[in-house]
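Reviewing the structure listed below.
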Amino acid sequence: MDWWVSLPKIELHAHLNGSIRNSTLLELAKGLGEKGTIVFSDVEHAILKKDRSLREVFKLFDVIHKVTTELETVTRITKEVVEDFAAENVVYLELRTTPKKNDLKGISKRSYMEAVVKGVMDVTTVEVDLAPQGLGMGHPVNSGGRSNLCNGTARKQKIYVRLLLSIDRRESTESAMETAKLALEMRHLGVTGIDLSGNPVVGEWATFLPALQFAKEGGLSITLHCGEVPNKEEIQAMLDFLPGRIGHACCFGEEEWRKLESSKIPVEICLTSNILTESISSIDLHHFADLHKAKHPMVLCTDDSGVFSTSLSDEYALASSTFGLGRSKMFQLAQDAIEFVFADDAVKAELREIFYSAGRKLD
Ligand code: 6MZ
């Protein structure tokens, strides 16, 4: 097996609808095209286009969302996305998605999220741990999992899955608050935090702050898309909020870097996404190198593995070849991510064991 696939990995920044398999997306679009709900050729063109600006990516998300409105579809894509991550040895996955209300179809934010949870439970290829024991759901939540013979004892491959509810920057304060409340109510189903995402040129920080504050005070972890486009004031306000992590951090000036460095807030790095959307002009200029040199906490992630045709193994291989980091440094990087997961100490302890035993097998 490819070394990058064998490496146990932790994925902390993956958007559900951005991680859909292209084949599934095309199949669903074709089905809706045949029913006359959409014009398939328009959608096909948008899906198959390779290089997209950040603006075009958000147009594509509107297309994807048209294709994935049915609850059964949400369940299907969730199952496939978890299985795809597990297949490349992702041992802990934080999957984020924006709960979507659709009055015409009688879908509420809650029923959308229940469909996501069902998708996680439907996973058959590996065992899934979705929520801490004692929070209402024992683990594992499914009966899946191949048995691997390990030291003479049968061990099933397992993936920890935790869910983050995204607030889209197009939402109102009330709608953001509804998502925060829902997240608090769904903690027993694996929801551990809130993400703020969506088109970075849309919306104001002040709109989302009450919901984010409410969620934080309720004990949820928060991650923010921060500095995907230049916006000094917003970046500073976000860092002052002290989120548990931030995503991207592409457009930081000197002052923001200093603030980030002293805050020690871990950064979710999405190399391929940043390059394809031209948030960063060239991979060798990516801030990964500076953050790594400064020993700033960070974690490699995919962002939207379907939309950007990547995988977490590819992101590790890319970082290694671009920045000249050997396997032991890359192993360390993967392992360091344990400290940034939005899960309890028991999960962190189990992840340390997984990495310890993998470290003895991988050279
Ligand atoms: C900001 C992004 C994003 O929530 O429908 N999303 N937000 N920057 C990005 N970088 C490219 N990639 C994805 O997944 C799709 C949604 O995730 C957010 C957008 O709001 C997008 O609509 P869900 O599962």
Side-chain angles (χ1 to χ4, degrees), residues 11-21 24-25 28 46-47 49 51-71 73-82 85 93-102 107 109 112-113 115-117 119-120 161 163-171 175-176 179 182-183 191 193-203 205 208 223-229 231 234-235 238 245-251 267-280 301-310 315:
E11 169 62 83
L12 300 183
H13 188 136
H15 297 271
L16 174 62
N17 277 288
S19 307
I20 303 181
R21 294 176 189 162
T24 299
L25 199 50
L28 292 168
I47 295 169
K49 193 168 184 291
D51 287 352
R52 299 181 187 93
S53 65
L54 200 52
R55 199 174 55 87
E56 284 175 322
V57 163
F58 288 100
K59 274 200 196 153
L60 177 62
F61 281 125
D62 288 340
V63 171
I64 294 176
H65 289 146
K66 267 193 206 140
V67 175
T68 59
T69 44
E70 301 295 336
L71 291 181
T73 306
V74 173
T75 297
R76 171 185 171 179
I77 62 174
T78 305
K79 174 182 188 288
E80 290 179 356
V81 167
V82 174
F85 277 113
L93 165 66
E94 260 168 40
L95 190 60
R96 55 185 76 187
T97 191
T98 322
K100 295 167 194 73
K101 197 195 282 220
N102 185 333
I107 296 173
K109 288 191 177 192
Y112 174 93
M113 281 314 301
V116 171
V117 169
V120 179
V161 179
L163 301 170
L164 306 181
L165 269 51
S166 299
I167 294 170
D168 187 312
R169 295 184 63 112
R170 288 176 292 196
E171 290 184 65
S175 177
T179 296
L182 179 62
V191 175
I194 294 280
D195 154 57
L196 176 66
S197 54
N199 192 337
V201 299
V202 172
W205 169 244
F208 319 112
T223 178
L224 306 171
H225 280 59
C226 178
E228 220 177 345
V229 293
N231 188 340
E234 184 179 274
I235 295 170
M238 284 183 166
R245 298 192 307 256
I246 57 169
H248 299 297
C250 298
C251 305
V267 182
E268 302 152 1
I269 295 283
C270 310
L271 295 172
T272 300
S273 161
N274 295 160
I275 298 306
L276 290 181
T277 58
E278 292 168 2
S279 299
I280 300 287
C301 304
T302 52
D303 205 7
D304 299 291
S305 54
V307 168
F308 299 123
S309 302
T310 188
E315 295 300 303

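In listed order, ligands and their atoms are each counted from 1.
- Taking 4.5 Å as the limit, some side-chain heavy atom of E11 sits within range of a side-chain heavy atom of T302.
- Shortest non-hydrogen contact noted between T98 and S166 is CG2-O, 3.4 Å.
- Proximity of D303 to ligand 1, defined as any heavy-atom pair under 4.0 Å, is confined to the side chain (atoms from C-beta onward).
- The CG atom of N17 sits 4.0 Å away from the CD1 atom of I77 when rounded to the nearest 0.5 Å.
- At a heavy-atom distance under 4.0 Å, atoms from both the backbone and the side chain of L16 approach ligand 1.
- Protein heavy atom in closest approach to atom 7 (N) of ligand 1: G198 N, 2.9 Å.
- Annotation for ligand 1: atoms under 4.0 Å from non-hydrogen atoms of D168 are 20 (O).
- A donor-acceptor contact shorter than 3.5 Å is absent between the side chain of E80 and the backbone of V82.
- The parts of N17 lying near ligand 1 are both backbone and side chain, judged by heavy-atom distances below 4.0 Å.
- What sits closest to atom 9 (C) of ligand 1 on the protein, heavy atoms only, is E228 OE2, 3.3 Å.
- When the options T98, I77, L60 are ranked by their closest heavy atom to atom 4 (O) of ligand 1, first place goes to T98.
- Considering only heavy atoms from C-beta on, S197 comes within 4.5 Å of H15 through its side chain.
- Comparing heavy-atom distances from atom 13 (C) of ligand 1 across R96, H15, H13 singles out H15 as nearest.
- Using a 4.0 Å cut-off between a side-chain N of Lys or Arg and a carboxylate O of Asp or Glu, E228 and R169 do not qualify as a salt bridge.
- Counting heavy atoms of neighbouring residues, nucleotides and ligands inside a 6.0 Å radius, atom NZ of K101 does not exceed 12 of them.
- S53 and E278 share no donor-acceptor pair across their side chains, judged by distance under 3.5 Å alone.
- Closest to atom 22 (O) of ligand 1, if we only count protein heavy atoms, is H65 CE1, 3.1 Å.
- Checked by distance only, ligand 1 and D304 come closer than 3.5 Å through their nitrogen or oxygen atoms.
- With hydrogens left out, the protein atom closest to atom 24 (O) of ligand 1 is T97 OG1, 2.7 Å, a heavy atom.
- Of all the heavy atoms in A183 and I194, the pair that sits closest is CB-CD1, 3.7 Å.
- Against a heavy-atom cut-off of under 4.0 Å, H225 is close to the following atoms of ligand 1: 1 (C), 7 (N), 8 (N).
- Close approach of ligand 1 to K100 is summarised as follows: ligand atoms under 4.0 Å from at least one heavy atom of the residue are 4 (O), 5 (O), 23 (P).
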